[in-house]
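Below is one structure, written out as structure tokens; comments come after it.
Chain A is the first sequence line, chain B the second, and so forth, proteins listed ahead of strands; every chain is numbered from 1. Since the structure is predicted, the reported quantities are computational estimates derived from the model, not experimental observations.
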Amino acid sequence: MSSLSLFNSLNRKKETFIPLVGKRVGMYVCGVTVYDKCHVGHARVMVVFDTIYRWLSFLGFDVTYVRNFTDVDDKIIQRAALAGMSTDELTSIMIDAFHQDMDALGCLRPNLEPRATTHMSDMIRMIETLITRDFAYVSETGDVLYAVRKFADYGLLSGKNIDDLESGSRVDVDQHKRDPLDFVLWKPAKEGEPFWDSPWGKGRPGWHIECSAMSCKHLGASFDIHGGGMDLKFPHHENEIAQARAANDGLFAKYWLHNGFVNINAEKMSKSLGNFFTISEVLEKYHPEVLRMFILGTHYRSPLDFSDAALDEAETSLNRLYETKRKLSQNFANGELPAAFVQAMNDDFNTADALSVMFEVCRDLNKSLDTGADVSALAESFTAMCDMLVLVQQDANAWFQGDADDASVIEALILQRTTAKSERDFALADSIRNELLAKGIVLEDTPDGTLWKKV
RNA sequence: GGCAGGGUGGCUCAGUGGUACGGCGGAGGAUUGCAAAUCCUUUAUUCGCGAGUUCGAUUCUCGCCCCUGCCUCCA
């Protein structure tokens, strides 16, 4: 079996994956700030890392998958105030909604889903260490800031150097910062804001510190994989590295994985541009598997253009797989994954390539089905691939027929047509078929009877 | 301006130093009472443009054009 190689953002090269310790893998993925519902961009990260998680597990690694919730932040405070509820109320609503979306998309829950608000002491301790080690300072305004110039490797992940950043920086230079790039570790609470006690007074943490603190707490000062969207590379992940390595003497993350964006009209989908679709909006029109298929159809590091046409296409290609599943007379156990599939997945989780293997097996399966050959081996391998990617998990007839409340009427008409056909009354048979077609029902005659589907 | 990643058939999406995977669509055929579904054949002398290295480049190097992203919260 080929070994897993993955693209490490840290050096922009594909590397053979070797965990720090035996077969144990610690993987931390930046989750979401729970102030609003998730959009398709979030769906991509979650599906991509779910697939990575599943693949690592398949390879026999013992994975500890940690994904955080940022549940304290300016936007949360703002939204909660606007909605007239507490931040806790807002975040728990959004976390529930998030879980609903993830369950629908077939994403497994991580082993741990730590929340910032329940890790205050860990963050405070890390900030204290950073101050003690002279990587952080308290400004006149009472903010605790990280001094980026103290950390020699700052910019290593994002390939930036501090001086370039400053010349092109659009960041307002705060007087109280020693360097414009210094970022907040802890900030004093304003009137009416939620706060926690700390050695620097009542306040709350900056955004970046939570991920350093929570990842190290749950996975250790050195762990294997850290992932997230491309947009987090700088400054968030860069800052995480600066914090964790300065405070812990550890390696922090060995491999950094970043997925590409979801675009609309070749433009990044984002909250600030307002060009986003929430997952739940999309799921009103499309089955969750369609969204998953859409995401897995493109390599995770490439841009992914979102449109109804693209989702329609994903649906059509999924239909092809379901047509085959529908013709299988029984459910099959999981067989071996084809070598080509394994190779594709081992090559930096190339799901697009893996899918092409699925379609090839699908064709072979159709051929065997047509000729009446034994399909069990192919069907078992097909099933294994479907399960691996969490596609084609529905009952095939349910997939095509939906929740048809008029199923009995349709089937009665089909029965009439079958009788007409056996009496060679094709005029009647065709008129029944046309009648159904007018209702969006398409018939498919097979040796084992007539199947129908909604279009 | 700095840095990063892209430009592959009608659309979409993989990939490779030896003329290109898969899906959708188109054309023809098989099958079918007719369809539907399926299968077969076919649909890029060609992988943004120009030059270089090479026996040979779409794949490596250099230059150019175009697109996107990051440099501010962002998955």
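Distance noted for atom C1' between A44(B) and A14(B): 15 Å (whole Å). Straight-line distance between the C1' atoms of C65(B) and A51(B): roughly 15 Å, to the nearest whole Å. If you take atom C1' in C13(B) and the same atom in A4(B), they sit 22 Å apart, rounded to whole Å. Going from the P atom of U43(B) to that of G2(B) covers 46 Å, rounded to whole Å. Comparing the C1' positions of U53(B) and G10(B) gives an interatomic distance of 36 Å, to the nearest angstrom. A distance of about 15 Å separates the C1' atoms of G7(B) and G15(B), rounded to the whole Å. Remark: the separation of the C1' atoms in C64(B) and C55(B) is 28 Å, to the nearest Å. For the P atoms, the distance from C47(B) to U41(B) is 26 Å, rounded to whole Å.
Remark: the Asn366(A) side chain and the Thr324(A) side chain contain an N/O donor-acceptor pair separated by less than 3.5 Å. Side-chain atoms of Tyr300(A) and Asp348(A) include a donor-acceptor pair closer than 3.5 Å. Defined by atom type and a distance below 3.5 Å, a donor-acceptor pair is missing between the side-chain atoms of His258(A) and His226(A).
Straight-line distance from the CG atom of Asp353(A) to the P atom of G15(B): 6 Å, rounded to whole Å. Going from atom CD1 of Ile264(A) over to atom P of U68(B) covers 15 Å, rounded to whole Å. Rounding to whole angstrom units, CD of residue Glu238(A) and P of A4(B) are separated by 13 Å. Put simply, CG on Leu232(A) is 14 Å from P on U72(B), counting in whole angstrom units. Whole-Å rounding puts the Phe7(A) CZ to G6(B) C1' distance at 13 Å. Between the NZ atom of Lys75(A) and the C1' atom of A75(B) there is a distance of 12 Å, rounded to whole Å. Spacing between atom CG of Leu257(A) and atom P of A75(B) amounts to 18 Å, rounded to whole angstrom units. One can place CG of Asp305(A) at 10 Å from C1' of U12(B), the figure rounded to the nearest angstrom.
With Tyr65(A) as the fixed residue, the ring-ring contact (aromatic ring centres under 6.0 Å, His included) test singles out one of Phe49(A), Tyr28(A), Tyr53(A): Tyr53(A). Of the options Asp73(A), Asp74(A), Asp36(A), a salt bridge (charged side-chain N to carboxylate O under 4.0 Å, His left out) to Arg79(A) is made by Asp36(A) and by none of the others.
Nucleic acid contact for Ser302(A): sugar-phosphate only, since backbone atoms but no base atoms lie under 4.0 Å from a heavy atom of the residue. Note on Ser270(A): a base of the nucleic acid sits closer than 4.0 angstrom, heavy atoms only. Among the atoms of the strands shown, only primed sugar atoms or phosphate atoms (P, OP1, OP2) are found under 4.0 Å from some heavy atom of Phe359(A). If you check every strand for non-hydrogen atoms under 4.0 Å, Leu443(A) touches a base. Nucleic acid contact for Gly228(A): sugar-phosphate only, since backbone atoms but no base atoms lie under 4.0 Å from a heavy atom of the residue. As judged by a 4.0 angstrom heavy-atom cut-off over every strand, Gly260(A) is placed among the base-contacting residues. Here Arg417(A) lies in heavy-atom contact (under 4.0 Å) with a base. Residue contacts for Glu313(A): at a heavy-atom cut-off of 4.0 Å it reaches a base atom on one of the strands shown. Across all strands shown, His258(A) has no heavy atoms under 4.0 Å from either base or sugar-phosphate atoms. At a threshold of 4.0 angstrom between heavy atoms, the contacts of Met46(A) with the nucleic acid are absent. When heavy atoms are screened at a 4.0 angstrom cut-off, Phe261(A) is found touching base atoms of the nucleic acid. Residue Arg326(A) is out of contact with every strand shown, counting any heavy-atom pair closer than 4.0 Å. Residue contacts for Val29(A): at a heavy-atom cut-off of 4.0 Å it reaches no nucleic acid atom on any strand shown.
Distances were taken from every side-chain heavy atom of Thr316(A) (C-beta onward) to each of C24(B), A4(B), C34(B); the shortest belongs to C24(B). Among C21(B), G33(B), C71(B), the nucleotide with an atom closest to any side-chain atom of Glu360(A) is C21(B). Distance from the side chain of Lys327(A) is smallest for A37(B) among the nucleotides A75(B), C70(B), A37(B). You'll find that the side chain of Ser356(A) is closest to C21(B), out of U12(B), C21(B), G69(B).
For C73(B), the base has no donor-acceptor partner in the side chain of Lys271(A) [N/O atoms by modelled type, under 3.5 angstrom]. A donor-acceptor contact under 3.5 angstrom links the side-chain atoms of Arg433(A) to the base of A35(B). Side-chain atoms of Asn263(A) and base atoms of G69(B) include no donor and acceptor less than 3.5 Å apart.
Side chain of Asp224(A) to backbone of Gly26(A): a donor-acceptor contact under 3.5 angstrom is found. The main-chain N or O of Thr91(A) is never found under 3.5 Å from a side-chain atom of Asp71(A) such that the two would form a donor-acceptor pair.
Of the residues in residues 444-455 of chain A, those placing a heavy atom less than 4.0 Å from an atom of RNA chain B are Glu444(A), Asp445(A), Lys453(A), in numerical order. Of all the residues in residues 363-392 of chain A, Arg363(A), Asn366(A), Lys367(A), Asp370(A) reach under 4.0 Å from RNA chain B with at least one non-hydrogen atom.
Note: Tyr154(A) and Phe234(A) have perpendicular aromatic rings, judged against thresholds of 30 and 60 degrees for the angle between ring planes. Taking the six-membered ring where the residue is Trp, His237(A) and Trp256(A) present tilted rings, their angle falling between 30° and 60°. Taking the six-membered ring for Trp and thresholds of 30 and 60 degrees, Phe69(A) and His99(A) have ring planes more than 60 degrees apart, a perpendicular arrangement. Classification of the His208(A)-His236(A) ring pair by plane angle, with boundaries at 30° and 60°, yields tilted.
In this structure, G69(B) forms a base pair with C3(B), meeting either the Watson-Crick or the G-U wobble geometry with both donor-acceptor distances under 3.5 Å. Base pairing analysis places G9(B) opposite nothing; no Watson-Crick or G-U wobble pair with both distances below 3.5 Å involves it. When both distances must be under 3.5 Å, the Watson-Crick or G-U wobble mate of U53(B) does not exist. Pairing of U42(B), defined by two Watson-Crick or G-U wobble distances under 3.5 Å, is identified with G26(B). With both pairing distances under 3.5 Å, U59(B) is matched to nothing as a Watson-Crick or G-U wobble pair.
The 12-atom threshold is exceeded at CD of Glu281(A), counting heavy atoms of other residues, nucleotides or ligands nearer than 6.0 Å.
With salt bridges taken as basic N to acidic carboxylate O contacts below 4.0 Å, one links Asp445(A) and Arg417(A). A salt bridge is defined here as a Lys NZ or Arg NE, NH1 or NH2 lying under 4.0 Å from an Asp or Glu carboxylate O, and Asp312(A) with Lys285(A) fails to meet this definition.
In this model, the phosphate group of C39(B) is approached by a side-chain N or O of Arg320(A) to a distance below 4.0 Å at OP1 or OP2. Neither OP1 nor OP2 of A75(B) sits under 4.0 Å from any side-chain N or O of Lys233(A). A sub-4.0 Å separation between OP1 or OP2 of G15(B) and a side-chain N or O of Asn350(A) is present.
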